[in-house]
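See structure below.
Quantities reported herein were computed from a predicted structural model and do not represent experimental measurements.
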Amino acid sequence: MAHVQDNIAPLLSSVRAYLAAQLTELLDGQRDQVVLDNIGRPDESISIEQGGATYLTLVRTEEDASQKSPRNYRKLPSPEGSAPTIIKRPPPVTLNLYVLITANHPVYSDALLVLSEVVATFQHRNILSAAELPGLPADGFFASRQLKFSLLSPSLEEWNHLWSMLGGKHLPALLYLVQSAAIEYIPTADVPGSPIREIHLTENIR
């Protein structure tokens with residue numbers, strides 16, 4: 001059955017689970033609720049009184065052109081001694097994810113404490129493999145998936161635009177660049193590639 005590989009939802013859900021486990025350990029089980037949700041829901045106002053949680057919100061995606069491959073063919077592993085199998089498949093779309101981590105807590109000092117612990121978590125380990133990311137599907141690229149976390153430093157103007165877009169007052173938050181998710185359509189049956197029968201070399205000697 002055809003499916004989408006490296007779906008963003010399970011990737012960020014696994015990040016949420018990892019961060020929740022780390023905060024539970026660092027904060028001795030206190031203020032460790034981490035949710036994957038939109039901190040700026042268009043039909044609701046952000047209320048600190050209803051807080052007590054750390055929010056992970058995807059605020060932007062962009063294609064990572066540096067990871068784009070021009071090849072439309074893949075070589076699949078074959079049994080030892082046999083020729084590799086070539087299939088025709090376009091390269092995946094590699095996405096960089098901009099994730100806003102917001103500490104929405106009634107006590108301001110608690111929010112600052114949580115943000116400090118978040119920074120420490122990704123300072124200690126800024127590249128996460130499948131071994132550290134619980135709940136990832138076992139198929140496809142997930143087995144070798146690595147996510148790199150880079151802390152960004154938006155200007156005051158950029159923060160203003162971001163929180164205006166989210167429709168709420170500014171809350172203690174961090175913005176991380178998460179690299180990368182390789183979105184790909186996996187068909188039910190692969191299309192075999194044409195075998196290479198000729199190689200043409202051209203060279204100009206001056």
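- Between Glu132 atom CD and Gln146 atom CD the span is 8.5 Å, to the nearest 0.5 Å.
- Heavy atoms only, all atoms of each residue included: Leu174 and Trp159 are closest at C-CH2, 4.2 Å.
- Between the Thr57 side chain and the Ile39 main chain, a donor and an acceptor come within less than 3.5 Å of each other.
- Of the possible polar contacts, none joining the Glu25 side chain to the Gln22 backbone as a donor-acceptor pair under 3.5 Å is found.
- Closest of all the heavy-atom pairs between Asp110 and His105 is CB-CB, 4.3 Å.
- In the hydrophobic clustering of this structure, Ile127 does not group with Tyr98; members are Ile, Leu, Val, Met, Phe, Trp, Tyr whose side-chain heavy atoms approach within less than 4.5 Å, directly or through other members.
- Tyr18 OH to Leu23 CG: the interatomic distance, rounded to the nearest 0.5 Å, is 10.0 Å.
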task = Evaluate side chain to side chain contact (heavy atoms under 4.5 Å, CB included) for Tyr55 paired with Leu100, printing each intermediate quantity in order.
result = CA-CA 8 Å; Tyr55 285 77; Leu100 183 70; over 6 Å; no
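- Nearest heavy-atom pair, Leu128 versus Phe122, reported as atom, atom and distance to 0.1 Å: CD1-CE2, 4.4 Å.
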Steps toward side chain to side chain contact (heavy atoms under 4.5 Å, CB included) verdict (Val59, Val99) = CA-CA 6 Å; Val59 295; Val99 178; over 6 Å; no
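- Contact record, His170 with Trp163: CD2-NE1, 3.1 Å, taken as the closest heavy-atom pair.
- Two residues are said to be in side-chain contact when any heavy atoms from C-beta on lie closer than 4.5 Å; Tyr176 and Ser150 fail this criterion.
- In this structure, CG in Leu97 is found 11.5 Å from CZ in Arg60, a value given to the nearest 0.5 Å.
- From Asp64, atom CG reaches atom CG of Leu177 across 8.5 Å, with rounding to the nearest 0.5 Å.
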task = Check step by step if side chain to side chain contact (heavy atoms under 4.5 Å, CB included) holds for Glu158 and Ser155.
result = CA-CA 5 Å; Glu158 290 170 333; Ser155 65; 3.3 Å; yes
request  = Would you sort out whether Val15 and Leu56 count as a side chain to side chain contact (heavy atoms under 4.5 Å, CB included), showing the intermediate values?
outcome  = CA-CA 9 Å; Val15 172; Leu56 270 66; 4.0 Å; yes
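- Atom-to-atom distance recorded for Leu156:CG and His161:NE2 is 11.5 Å, nearest 0.5 angstrom.
- Considering every non-hydrogen atom in both Gln179 and Asn96, the closest pair reads CG-OD1, 3.3 Å.
- Placement of Leu112 and Ile101 in two distinct hydrophobic clusters is found when ILVMFWY residues are connected by side-chain heavy-atom separations under 4.5 Å, directly or transitively.
- In this structure, the separation between CG on Leu151 and CG on Leu175 is 8.0 Å, given to the nearest 0.5 Å.
- For the pair Val178 and Lys148, the minimum side-chain heavy-atom distance is 4.5 Å or more.
- One hydrophobic cluster holds both Val119 and Leu113 under the rule that ILVMFWY side chains link at heavy-atom gaps under 4.5 Å.
- Counting all heavy atoms, side chain and backbone alike, Ala9 lies closest to Leu36 at O-CD2, 4.4 Å.
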